[in-house]
Amino acid sequence: MPELPEVEMVRRYVEERCVGRTITKVKILDEAILDRLLPSQFVSSVRCRAVRGISRHGKQLFLDLASTLMTVHLGMTGDLIILKGRKKLPKHARAVFALDDGTRLVYDDPRKFGAIGITSSFADFAEEHRLGPDALEISKKEFILRAQKSHRAIKSVLLDQHIVAGVGNLYADESLYQSRINPLTASDDLSEEERGRIWVEIRHVLNASIDVSTDFQELPGSFLLHSRVVGSPCHRCNGLLQSMRVGGRTTVFCPICQESR
DNA sequence: GAGTATGTTATATG
DNA sequence: GCATATAACATACT
C-alpha cells in the first residue's frame with residue numbers, strides 16, 4: 001500500500017470516519033504487530049478513548065487519543081479500513097477497534113511488516129525513530145543541506161527516512177526520473193541546483209499522486225508511475241526504461257535522459 | 001520452485 | 001564510534 005501519498009489517503013479516510021468516535025472495544029488478533037508492548041498494555045491505553053484527530057508524518061500515522069497517541073505504520077502491505085455492520089473481517093486482519101457508532105476500524109496487514117503502538121508525543125516518537133522532516137514539509141534549503149551530507153547514491157538517500165520522511169521506492173524513482181538525475185549519482189556530488197530540482201520534483205510528484213487519489217492510471221503519461229514497465233519507451237526520449245538494483249531495491253530509470261556520470 | 005514486492009531495522013563490514 | 005551495505009522479517013503472487 002503505502003508511501004506518503006497512500007498513507008495520506010488513509011489518514012483522510014480515517015479522519016472522515018473516526019474523528020469524534022470513541023473506541024469501545026479492542027481486539028488484537030496478532031500481537032506481532034504491536035510495537036514492543038503487550039496486548040494488555042496496549043488495550044488499556046486506547047480503550048474507552050475518543051479519537052480527537054489523526055495526523056501523519058512521512059509514512060507514520062498518529063491517532064490523537066487525548067492523553068496518548070496511537071501510532072500506526074502500514075509497513076509494506078498494511079491498511080486501515082472501516083467496516084459497517086456485521087461485515088466479515090478481511091483475511092489478514094491483525095487488530096480490530098470497535099467504535100461507539102457501531103463501525104469497526106480494522107488494521108489489515110498480510111505481511112505483518114507494519115506496527116501499531118503508543119507514544120506520549122510526536123517529539124518523543126520522532127526522536128526515538130530519528131525521523132527526518134516530512135517530505136512535504138521540509139524546506140528547500142533544509143533538503144539541500146541534508147542531501148549534501150551523504151556520499152551514498154541519491155536514490156538511497158531519498159529512501160532514508162532519517163534524512164527525509166515519506167519517500168519510498170516508487171516515488172524515489174519518479175522524483176529522480178522527473179529530475180533527470182541518475183539514481184546512482186553520489187548525493188554529495190550533486191550540484192545545489194540539482195538537489196533543489198529534486199526537492200521540487202518530490203513535492204510535485206507526491207502532490208500529483210495525492211491529487212489523483214494515488215490512482216497511477218490517472219497520472220499524466222509523462223509520469224514513470226503511469227507505466228513503470230522495463231523495456232517500455234521513455235516518454236521524453238528514444239530510450240527504453242531499464243532497471244537495476246540500488247540499495248537492494250529495484251530501480252527503474254531511463255538510461256538516456258538520466259545519464260550516469 | 002524461483003524471484004519479486006509501495007518498508008524498516010538489526011547486524012556486518014570497513 | 002561512524003558511514004554504509006546487506007540480511008532478515010512474513011505472505012502473496014507471477
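Within every chain, numbering begins at 1; the chains are lettered A, B, ... in the order of the sequence lines, protein sequences first and strands thereafter. Just so you know, these numbers use all the heavy atoms, side chains as well, and skip hydrogens, waters and symmetry mates. Keep in mind that what you see is a predicted model, and the values were worked out from it rather than measured.
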How would you label the contact of [X] with the nucleic acid (heavy atoms, under 4.0 Å): base, sugar-phosphate, or nothing?
X: A:Thr77; answer: nothing
X: A:Lys149; answer: nothing
X: A:Pro2; answer: base
X: A:Gly248; answer: nothing
X: A:Ser150; answer: sugar-phosphate

### Query
Side-chain donor-acceptor pair under 3.5 Å between A:His151 and A:Asp188, yes or no?
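Checked: A:His151/A:Asp188 side chains pair up, N/O donor to acceptor below 3.5 Å.
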### Query
Does any donor atom in the side chain of A:Asp101 or A:Thr103 lie under 3.5 Å from an acceptor atom in the other side chain?
yes
Do any side-chain nitrogens or oxygens of [X] fall under 4.0 Å of OP1 or OP2 in [N]?
X: A:Arg245; N: B:dA5; value: yes
X: A:His92; N: C:dA12; value: yes
X: A:His73; N: B:dT8; value: yes
X: A:Lys59; N: B:dG7; value: yes
X: A:Gln161; N: B:dT8; value: yes

### Query
Hey, what's the ring geometry for A:Phe122 with A:Phe62, parallel, tilted or perpendicular (30° and 60° as the breaks)?
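A:Phe122 and A:Phe62: perpendicular rings.
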### Task
Only one of A:Gln258, A:Arg228, A:Arg249 passes side-chain hydrogen bond (donor to acceptor under 3.5 Å, both in side chains) with A:Asp173; say which it is.
A:Arg228
### Message
Should the side chain of A:Arg111 and the base of B:dA5 be counted as holding a donor-acceptor pair, with the cut-off at 3.5 Å?
### Response
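Indeed, a donor on one side and an acceptor on the other fall under 3.5 Å apart.
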### Task
Would you indicate which nucleotide in B:dT6, C:dA5, C:dT11 comes nearest to any side-chain atom of A:Glu3?
B:dT6
### Nearest-nucleotide pick for A:His162, side chain only, options being C:dT4, B:dT9, C:dT11
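Of the candidates, B:dT9 comes closest.
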#### Entry: Nearest-angstrom distance, C1' atom, C:dT4 to B:dT6
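Result for the C1' pair: 24 Å, nearest Å.
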### Message
Measuring only the P atom in each nucleotide, how far is B:dT9 from C:dA12? A whole number of Å is fine.
### Response
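Comparing P positions in B:dT9 and C:dA12 gives a spacing of 24 Å.
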Whole angstroms only, please: what is the [atom1]-[atom2] distance between [X] and [N]?
X: A:Leu159; N: B:dT6; atom1: CG; atom2: C1'; value: 11 Å
X: A:Arg249; N: C:dT4; atom1: CZ; atom2: P; value: 18 Å
X: A:Phe113; N: B:dA5; atom1: CZ; atom2: P; value: 13 Å
X: A:Asp79; N: C:dT11; atom1: CG; atom2: C1'; value: 16 Å

### Query
Would A:Tyr177 and A:His235 satisfy ring-ring contact (aromatic ring centres under 6.0 Å, His included), going step by step from the backbone distance to the final call?
CA-CA 11 Å; A:Tyr177 176 73; A:His235 202 262; 8.6 Å; no
